[in-house]
Structures are given as C-alpha cells and as structure tokens.
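This report concerns only the one structure given below.
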There are 4 protein chains.
Amino acid sequence: MLDCEAALARASASEGLIPEDAAQAIVAACTEGQFDPAVIGQQAAASATPVIPLVSALREQVGAAYAPYVHLGATSQDIIDSAAMLIAKRALLPLLADARAAADAAAVLADVHRVTPMAGRTLLQDALPTSFGLRAAGWLIGIEEAAARLAEVAAKRLAVQMGGPVGSRPPQVAARVAAELGLAEPTLPWQAVRVRVAELAGALGALAGILGKVARDVTLLAADEVGEVRERTASGRGGSSAMPHKQNPVAAVSVIACANRVPGLVATLLATMLQEHERAAGSWQAEWGTLSELLGLVGSAAAWGRELLEGLEVVPERMRENLERLAAAGVSEAAAPLDHLEGAGELIDRALAAREPR
Amino acid sequence: MLDCEAALARASASEGLIPEDAAQAIVAACTEGQFDPAVIGQQAAASATPVIPLVSALREQVGAAYAPYVHLGATSQDIIDSAAMLIAKRALLPLLADARAAADAAAVLADVHRVTPMAGRTLLQDALPTSFGLRAAGWLIGIEEAAARLAEVAAKRLAVQMGGPVGSRPPQVAARVAAELGLAEPTLPWQAVRVRVAELAGALGALAGILGKVARDVTLLAADEVGEVRERTASGRGGSSAMPHKQNPVAAVSVIACANRVPGLVATLLATMLQEHERAAGSWQAEWGTLSELLGLVGSAAAWGRELLEGLEVVPERMRENLERLAAAGVSEAAAPLDHLEGAGELIDRALAAREPR
Amino acid sequence: MLDCEAALARASASEGLIPEDAAQAIVAACTEGQFDPAVIGQQAAASATPVIPLVSALREQVGAAYAPYVHLGATSQDIIDSAAMLIAKRALLPLLADARAAADAAAVLADVHRVTPMAGRTLLQDALPTSFGLRAAGWLIGIEEAAARLAEVAAKRLAVQMGGPVGSRPPQVAARVAAELGLAEPTLPWQAVRVRVAELAGALGALAGILGKVARDVTLLAADEVGEVRERTASGRGGSSAMPHKQNPVAAVSVIACANRVPGLVATLLATMLQEHERAAGSWQAEWGTLSELLGLVGSAAAWGRELLEGLEVVPERMRENLERLAAAGVSEAAAPLDHLEGAGELIDRALAAREPR
Amino acid sequence: MLDCEAALARASASEGLIPEDAAQAIVAACTEGQFDPAVIGQQAAASATPVIPLVSALREQVGAAYAPYVHLGATSQDIIDSAAMLIAKRALLPLLADARAAADAAAVLADVHRVTPMAGRTLLQDALPTSFGLRAAGWLIGIEEAAARLAEVAAKRLAVQMGGPVGSRPPQVAARVAAELGLAEPTLPWQAVRVRVAELAGALGALAGILGKVARDVTLLAADEVGEVRERTASGRGGSSAMPHKQNPVAAVSVIACANRVPGLVATLLATMLQEHERAAGSWQAEWGTLSELLGLVGSAAAWGRELLEGLEVVPERMRENLERLAAAGVSEAAAPLDHLEGAGELIDRALAAREPR
C-alpha cells in the first residue's frame, strides 16, 4: 500500500498536480517511514478499511506542509486494489518459477522414461501398458498449460486501480501509476467489475489442480503395494511420530493439502463478483483475505510440487513386476509392452516440443 | 457422442484403418439411427459409462459386418470427453452471442447516458455524482472482457480426446477427428489432465459473475425507493401472485439466480482435477453433470442478461432527484454534477473504443 | 405444489376462511386435474415463479365459482418453500433407508471380520496391522452418525411455509397446513431466514462425504496391486469398452462421482442465505435447482453405497499377503497381527452397540 | 497440542501406563516449558506434521529419564485432532456468547418495534406493510436456531481423538483424555471418518449465513434512499478516506465480508471427507488451516453482528414516509398499516417465547 501511495505521489507530480518536493517527501516517508501494521490493523476496524489509518499515519510522517498532497484524488479502494494486484504480481514471480521448474523436472522424467513400461491404470484398475515417460509428459503439459495461462494473467490482467471515489477520475494519473508499479493500465477503473480478480483466481485454481493431480499420482504410485516411485528426501524426512519404518511422501501430501483448499477460495472470489454500485458493501472486503490465502496456498503447492518432481525416484523394476501381474491376467500387451509404446514415444516428443521457450 | 463416433469412423477410414464403406455405414447409423437415451442411460449404470451401451446399440444398427469397425481403438473416455467439448462448443455459440448482445446494449446505454448524472454509491451509501453512462460502461467492459476470454477458450482450448485406453494412441487419428468436429487438437491426450475443463469453468464463472453484478445493480436501482431504472417488459411480466401493484425485475432476478449457482459448480470442476492415473475413479465422472449444469446456467444468465440490458428503462429524473438529496446533505459536487463528469466522458470513450470488433 | 395448494384449501376450510365445498373442489382439482409442467415452466419465466401459472391453471380447473378460494392468503413463496420441504421429506425416506441399509451391511462386515487382519495404512503407506472389521466399524459409525443427524433434520426442521406476502400471516393456517402435509410448524414464517435449508444441506453434505470415504477406500482396496476387496456384481457389470479383462468398481466410482458434486452445492445453499428483506431477488430462486440436485445426488450416493456395501467381497488371503510385506519390512506387529487386535475387537463391540435401534 | 500431551500423560498415569512422576514432569513441561512455534512450524515441513518436532522438543524439556513416557501410544493425528477440537471448543465460547447477545439485541428490537410499521419488501420491491419488529423477530429466530445447533455440536460432537497409529487403541485412555480436556468421548477413533468436522463446519456455516442476512438487510435499510436504520457508532467510525459526508455501515459490511468467505471453507471441509484408509494423504492436512479460518471468520461475524444489533438505530419516521409512497401507489394496506399488524404481533410473541432460556 505504501508503494502505491508513493507511486501515486510520483504520478501526481508528473501530472503537475502536486509539487515535486511534496512527492519526494511522500516517497521518502513511504520507503523509510515507520508504520506499525498491528496498530493500523486495529484502527482499520473503525472504518472497515486499513487505508484511512495508513493515510493518516503517512500524513503525520510527512508533516503538515505536505500532508494535503498525500493520497490526492484517491479513494481507499484505489490503494487496496492496486496493492492487491502488486502483491499478486510479486507473489507470482517465485510461484511461476517453481511451477516452471516443476515442469522442467517432469520433462526430464518424460525424456528419461520414454520407454520405461508401466501399467496404465483406469478407475484404479490395471488397464494396459503405457510408459512412465508418457505419464510424466502428461504432468508436464498440464503444468505448462496452467502456468502459461497464469503468466498471461500476470502480464496483462493485473491492473492498477486509480479511479477516485466513484471511479470517474480521468485516466492520466492511473496510466502513470501503472507504469510506476509495473501493472497494466485498465480501460476503466474496475471498482465493482471484478473480472480481473476472477481471471487470476481461475488461473491459480487450474494450476493448483494439476499440481494436485501429479501429487495424487505420486501418493498412489508410492504406496507400498505399488512401489513404482518414491520421494527422494533429505535424511529423516517423511518420518512418523509412531512408526519408524514409514517413509511418508511429504511433498506430495503437502501439495494435496494445499490444492484441496483452493477450489473453495476460487468459488468465494467468483461468488463475491456480484458487487453493488461503485463499491460493494462486504463482497469486496471478502476478497482481501481470500486472495492472500489463495496466493499463499498455490505458491506453496508450486514449491512443494517442484521439490516433489525434482526429487522423484522412479523404480522401473517394480513397474515391470506390476506389469507381469497384468500379463498373468492374460493381457497380451503386458507381455511385450515395448511393442506398444511407439505412440507413447511420438506423444512424448510432441510434449517436449510444445514447451514454452525458457 | 454419435457425432464423435461418426467422426472417428471417418477419420479411421482416412487413415486406412477401416474400409470406406464401413465408415459410411457407421456415419449413416450415427446420423439416422434410432437410439433411446433412456434405455442407454439405464444400461450405463452397469458400467458407469453410457458409451458401452451406446457402442453396443450402434454395432447392432450397422450389422455384424461393420460392427468390428465401430469405436475402433477408442475408449469410453475418448467419446465422452470429445462429446463434452463438442457440446460446450455448441452451447457457447448462443451463449456468447447473448453475452455480446448484452454488451452491445450496455454500450448503447453508456453512449446515450454519457452525461446523465446519478449518485455514485459506495457501501450502499451515497458517495459522489457519476454518470449513468459510466456505470453502463463498466458493465460493458466487464462483459466484453469475460466474453473475450471465454471466446478464446472456445477457440483454442476445447480439444478432442482420442487417446485410446490409456492415452498412448499416436496423434494422427485424433488430429483428423479434431478437424471433423471443429475442435482443437491437443498436444497429448488429456485424460486425467483436466486443465482444459478448468479453464472453461473459470471463464464461464467470470462471465456469470459480471452478469450477476449487472443484475444486482439493476435490482438495487429498480427498488421503489431508488427508482432509477426499471425493466421494460412485455405486458403482464413481473407480476406477483399476491400483490397486483408489484412489477418484479424478472430478468435481473433470473440472472442472479443463475449466477449464484455457478461458483459452487466451478469449485467442483477444480476440486475434481485431482484425477488418478490414466482415468479417475469418480472425479472424472463427477464432471459430466456439473459441466452440463454450468453451461445451462451461464447460458441462461447470458440470455436473461441480454434481455435485461436490451430492455432497460432509465429514469433520469429520479437520478436527479436522488442527487438533490446528496446536494442537500452538503455535497457540493452534487449541486452541479455536470461539472464533474468530464472524466466520466473520457472514460466512456475509452470503453467504447476498446470493444472487440463485431 | 398441488399437494400444498390442496392442504391450504383444507386448512382454510377448517379455519372457516373458505366454504367446505370450495375446499373439496380445490382438493379434487389438485389430485385429479391435468396440468402440463412444460407449459407451466414456460409461463413461469414471465414472473420468475411457477406458482403464478400454476394457480391460474388451478383456478381454471375449479371454475369461476371456486376460483377466488384458490391460494387464499398465500404467496408464491409459501407454495414453493412448502413444496420444497415436502419433496425433501419424501426424498429422504428412500435415501435414509438406503443409508441405513448401507450401515447394516457395514455392521455385518465389522462383525464378520472382527479379527481379519489387514494392513492399516496412513498417508497411503503401510502403517501397522488392524482388522478389516475395525475399518468397516468406522464406516458404520460414520454412516450412522450422518444418517442420524439427517433423520433429525427430516423430523424437526422441514417446516411448512405459510406466511403470506410478507410473512406476517398469523400462524393458525400454517399449523393446519403443517399437520396436513406432515411437516413441522415453524415458530415464524422463515421466508428470508434460511437456517432450515442450510441445516438440511449440511446434513446431506456430511452423509455424502462419509459415503464417499467408504467408496474411496473400496477403490483403493480393490486396486489390482492391493486386491483386498472387490465388488460382487451381476454378470457383466463393471466392463470396459476397450479392455475385456477389467472389472471396474462401478458402485464405488458412482458413489464418488455423486459425492464429489455435493460440497459445491452445499456451499451454494450457504452462500444464498444472505437473502434480502422479506423475499430475496435471486438468491432464493437459486436454491430451487440446487436443492433438487443435492437431494438427487445424495440419494444416488446412498443407493450406490448400499449396493456397494451389501455386495462387497472381502479377500482375507490378500490381506494376509500384504501384511507379510509389512512383516518383511521389519514391523514386528505385522508378524503376529492377531496379538494386536484386542483393541480392535473392543472397539467393534462399541460400534455395534452404539447403533440406533432399527 | 501441549494441553493434549499433558492430558495424555495424566490419563496414562491414571491407567498405570506411565509413572506418576513422569506424568507430573510432562504436565509441568507442557505448562511451563518454552516452545518456539516458528521453529516447530519450520521443522514440521520435514514430516508434514508439527507433532514430531513438538514431541521432540517436549522430550528434551522433560529430560532423558521421562522422555520415553511422552506421547506414549499416541500418533500425530491423536494430538492434532484433539487439539483442533479443543481449539474449536474454546473458540465457540465467545463466539456463541456473541451470537446470543446478538439474538438478545434482536429480541429487544422485536419487542420495542412490535407495531412500528414499515414496508415489507420482496424482490427488492415494495410489497405490503409489515412491522419492523417482525423483521427483527425473524433475525432473532434465525440466530437462535443456528446458535442452538452450534451449541449442540459444541457439547456433543467435539470429541477427543486417541486411537494410536491406526485407530485400534482400546478406548480407556481416550475416555480419560476426553474427561481431562472436557471433550466428548467418541465411540471409535474417527481418524478418517470426519463426520464430526463436517457437522461443526455445517453449523458454523448456517450461523454465518443468518448473520450475513441480518447485515445485508441493514446495508439495504441504511441506504440513503431508504434511511430506515443506521449504525449507532462511536464518534468517527464509518468514515471515508475521500468523502467526509459519508457514514459507512462498518459493522454490517464486516459481517458480510466474513460471511461471504464461509461457504467456500465449509465446502472444503466437506470435500476433504473422502479420506483414505486410516489417515489421509493430504485431505486431512487440508482441514487444519481451513478450520482455523472458519472459526476465526464466524467468530468475527458473530462479534460484528452483536455490535451491529446492539447499536442499531431505528428511524420509524422514515419507515412511515416510505409506506406513504406505497399508499400513494394505491396499496390500501399501506394507508392504514396498523390494521394489518395483528398477525405480526402474534408472531413476535411466539418468537420471544421460543427463545432458549439464558
């Protein structure tokens, strides 16, 4: 929020709305000033917005001479929405880096295990042979596609808000603040038009879902009865408080735990789109904590997903053993699985070729 | 599903996998054959898929000679997923047409009421004057953006599924089926990688949300105390079973009723992304009815939203009266609102200019 | 809805508000009259309620003399809410019977397999031995508890609605209609106070969730690598369109498919509780289809869950084999599992003793 | 969690499983020991559970002699689930006190405004006269019913978990721990049978929903055009950062902001019921943060709801003015509203009589 107030001050000076020295004083206070989030949080309850106590504290810091130039022409929502988009933009940097690293690790698995035969399974029943590389190529494509959409949202849809009390402020200041903050410039102020938030939420939800799919596969393949993969872990990880023989798939469990919490939060951000008039009475405020949670959870899912895929150990011999069971059940393809993996190889090549350039 | 089986037959013939006359017989049976959905539905319970009884009925229709060429190399999921995407594609045609017509109607309102002053309202309290045109421009931009994203999903992300039992079938047949059906060709079969479904759901959710926002605004502005808009309706519409004096905002209520049901369905489609192995045991099947409901509800929301916006009557004199109350409360801007609408006009121009070419 | 109009007519006659012969005529028309749901549905769009065309058709059926006595003092919401509660009450009869039969089947499994050793599994990893009977006892208790709560809601919380246009009608007619329909009498009309709907939704959600847990366990235990249970099925059930060797766990998959769709619907019914004034503009109407879906899905989950549990085959020898793997991993308890099942037996006795009398 | 370990130590000593002095040492360490939540949180990532580092720290505190008696026979889930239920129990105390105080305030409004006429409104349109007291009685009944159910869950369904690694521990220790902690004793360990959590979530969801309904009504009635109620606030509350004339309904907005976030969280807790085997790989862990959020949000909603209702100012003269508009529209009941409020009075008496004794 302070970065937004600072950007507003710089933009206002550039537009000649406030003196240059006022802008400098405000920027300095935003950067170096002392603000106590706990106090501001407490005071926020009196107005249902943290911006009022923040602006008040900021005015105090800049002193009486510059105080009138603080927050000029802006409304609480300008600062909160711009800050939320800025936080999202910043959070998406490591989140997307982790997602792409997870995709890279899946690509390596796809490439290395191109013709490592394993039992394909449908409805949790043995089906026909496939290759582990093809499974990993599916993970790769899923993560790539979800990350590509999220990157697009990050680049184009995270826009500044700077419309003033009722969203009617002309666009010049908004354009400058957008440039200052590295956010997009919206066509209009979007105070109660929350399509951007919905797009961000939807893209985060899709990425969490595909990471959860990878993790679910790993928990199943790592089950003792299957034993086809395991998490390669730092010594001591995955221990149990009661069962020393266990090696729990900690990263996969953590991805699933995060991913399971995401759909409800996305639904909240869609349900709160029905915002009244120029600023909603409650459904806007409900976004704040929800978006924070969502970014945190998908960020964690991506970090754990990267760790999971980068450290995944594959056990081809167990894959072969499990295929023998399928062969014993009379499935001829399982007896000579390599004869049936040509399609898989061609598909893996397509998946590897389709990746976004890094 | 029959269209998908027909396309598969044509594609298989083109690839030389089945004789041309077999393809013709299958296509003919798919087009002209008699299938009883109720019977197929009932039989579907035995296998948790309608494709088994459908293929069985189709084989019966084409006769013993051609029966082996029906459904060749395909699995139930190929047909169900391709059919789901085909249904989505078809459903999105009228849905997007309605959404764009709703946007067109909002554009007219924005243009006509460029300088029609009204009270901007935040937290349901009078704030400062704005113009009704700017409110309508916000609706316009929101619907445009959500429809643009949905159109993109429709064009690029609705892909055929044709991977065979475990998703390892080489891509040639899939490419031909995609062309036949007018669907995208996926990089890989996407059996348990449901990013596409999630993107469709997210885009539908965003459109429903913004339509709901428009409708909520209308219910509030149409309240007797406000009286600034009303639904222009066919005679007799909006009546009450007990109160003859009432004129209910039927279209707005219907949009909200649809929009309220959407976030939970989107959450279901995100939550069911954690699909096991090559085909999930339950979470895939949960998509079927959910996606149908979702398409139906957002389609209804778009149709009602179009009717709402195309028939919206604006009452500028009530807007002026309500502004007088604000002026009486000492808000100077409300006393001469036209002086404060320059920004609004500039913003409306931007909104009108930003529209996608029709 | 016709049952509700008939009950209202009888109640109105008992209260001396309409002549006895009018009541008889209305009841007769409600019972024997011809109404076309498709036409009424179409006409409903004009008023956002099916009650207006229904009442109009009913008035036509009874003729001009009795028409004024139809729907006397009632509003659309009285009929729709009372009908919804009546439908819920009726739907819960077979639903609860199925749930209790599922619990009965789980009780038999718990009793029979009291000391059938199996590997307890945590985080999908082998943990320590338990007995399959204890697993089944957990299913039993979960279904029993969820069904007991749902039965309580059915008995006490499904109340008539009969408050007139704004919910201010005195309670006498409501009391009589409640008695006629076998529904509870509310303290007040509950037009926009939807706690009853929320309680019904919550109880349905909990039952779906526990049935889904049972089904998830079955899909995992029925996986070929585990092989500890399988669905006993009519010949031919569980087949695959492409893989004749497969025997899919159809009932378990169907339970999960239903259960996965429930949480989003429950969330919708909670989110739509924020209903405006005396009758909501959209959030009430959103309940209608949602509640129907919810009842249908949980009813299906219960029917499939019963079939699943009544037909579950247990394979103790596979359970022993899987335990040997755990013993081989050095887990001493797995070498002599029976020595460790005393607690399980005592717990199973508690579970069987805690069941509701049938 | 420390309270749970302490209770377990006491229970174990009572059962003769550990020496009395070991129990005392453990209890002392749990009460007075120094534990760094940040460090434990960080270490928790290695095992996907905070219990392992907590137990390790606790063992260190009690020293080598007593270390083996710490956490005896328990598993991580025993401590986490018991702690979650304990936290819920404690959180529900102020939460239910606030909810009941809100109901008390609604009761006063119902009583005082028994015959204060106001326009009943349906679909946001003027309908017929009612009394403000009847509206408040509806709020009262809704809050009472939701709080009563939540109190029942608090008293009967928040149970200890103490089943050991796979839930097969005999019930004696669990019974003693339950008594120590003031929690219910379950029939069986309920490790992957989450009906209790679902019931808690459902009851919290219903209370949040009805509080949200009250708050939505207040935002609508407090709109400047309606002006029938306003929040009585400490000086300065409800201010705007840009519009000094505004008095925002801060408490109502805050209730709605909290309530809007609840349905998605309830859905998460229902969706995560499909937990595998004896302990789930991810869906259990997803509960932790979700339940914390849920308790916090409904607690906040109740606190703000109480403040809202205790401080609500009613403006009968504006209610009368608004009724005059309805009378002018030809609604005869609006001309002499008091003649139509008999039913309302009788209903209010019922609502006041139906309250739970405090």
Side-chain angles (χ1 to χ4, degrees), chain A residues 120-124 127-128 130 134 137-138 141-142 145-146 149 165-171 187-188 190 192-195 198-199 202-203 205-206 209-210 212-213 216-217 220 256 259 262-264 266-267 270-271 273-279 281 340-344 346-347 350-351 354, chain B residues 120-124 127-128 130 134 137-138 141-142 145-146 149 165-171 187-188 190 192-195 198-199 202-203 205-206 209-210 212-213 216-217 220 256 259 262-264 266-267 270-271 273-279 281 340-344 346-347 350-351 354:
Chain A
R121 293 167 176 98
T122 59
L123 287 69
L124 288 182
L128 288 177
T130 184
L134 184 56
I141 286 289
E145 291 181 348
R149 168 63 186 151
V166 293
S168 60
R169 196 179 198 185
T187 311
L188 295 192
W190 45 284
V193 173
R194 311 302 286 182
V195 176
E199 289 188 40
I210 186 61
K213 185 268 186 291
R216 170 139 302 165
D217 279 0
L220 292 167
I256 294 173
V262 164
V266 175
L270 293 175
M273 289 183 76
L274 279 73
Q275 302 200 355
E276 300 98 352
H277 298 314
E278 273 68 36
R279 182 172 313 131
H340 298 269
L341 296 186
E342 274 164 78
E346 190 174 348
L347 291 165
R350 286 165 65 95
Chain B
R121 292 165 177 99
T122 59
L123 287 69
L124 289 181
L128 288 177
T130 184
L134 184 56
I141 286 290
E145 290 181 348
R149 168 65 186 152
V166 293
S168 60
R169 197 180 197 184
T187 310
L188 297 192
W190 45 283
V193 174
R194 312 302 285 181
V195 176
E199 289 187 39
I210 186 63
K213 185 269 186 291
R216 170 139 302 165
D217 278 359
L220 292 166
I256 295 173
V262 164
V266 175
L270 292 176
M273 289 183 76
L274 280 72
Q275 303 201 353
E276 300 99 354
H277 297 313
E278 273 69 36
R279 185 172 311 132
H340 298 270
L341 296 185
E342 273 163 78
E346 191 174 347
L347 291 165
R350 285 165 67 97

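Below, chain A is the first sequence line, B the second, and so on; all start at residue 1.
- Atoms CD1 and CG, on A/Ile210 and B/Leu270 in that order, are 12.0 Å from each other to the nearest 0.5 Å.
- Looking only at heavy-atom pairs under 4.5 Å with chain A, the residue among B/Gly202, B/Gly264, B/Gly212 that has the most is B/Gly212.
- Both the backbone and the side chain of A/Glu145 have a heavy atom closer than 4.5 Å to some heavy atom of chain B.
- Counting heavy-atom pairs closer than 4.5 Å to chain A, the top-ranked of the candidates B/Ala281, B/Pro263, B/Ala206, B/Ala344 is B/Pro263.
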Item to check | Check against side chain to side chain contact (heavy atoms under 4.5 Å, CB included), B/His277 and A/Thr122 | outcome: CA-CA 7 Å; B/His277 297 313; A/Thr122 59; over 6 Å; no
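- Per-residue heavy-atom pair counts under 4.5 Å with chain B were compared for A/Ala354, A/Ala198, A/Ala267, and the maximum is reached by A/Ala267.
- The shortest heavy-atom contact between A/Thr187 and B/Leu347 is O-CD2, 4.1 Å.
- For B/Ser168 against A/Thr130, the heavy-atom pair with the smallest separation is CB-OG1, 4.3 Å.
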Next on the checklist: side chain to side chain contact (heavy atoms under 4.5 Å, CB included) for A/Arg216 and B/Glu276? Distances and angles first, verdict last.
Outcome noted: CA-CA 7 Å; A/Arg216 170 139 302 165; B/Glu276 300 99 354; 3.9 Å; yes
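- For the set B/Gly343, B/Ala203, B/Gly205, B/Pro171, the count of heavy-atom pairs under 4.5 angstrom toward chain A peaks at B/Pro171.
- Nearest heavy-atom pair across A/Leu188 and B/Gly138 is CD1-N, 3.6 Å.
- Here the NZ atom belonging to A/Lys213 is positioned 10.0 Å from the CE atom belonging to B/Met273, to the nearest 0.5 angstrom.
- Taking CD of A/Glu278 as the start and CG of B/Asp217 as the end, the distance is 7.5 Å to the nearest 0.5 Å.
- With respect to chain A, the highest number of heavy-atom pairs below 4.5 Å among B/Ile141, B/Leu124, B/Val195 belongs to B/Val195.
- Proximity to chain B involves both the backbone and the side chain of A/Arg121, based on heavy atoms less than 4.5 angstrom apart.
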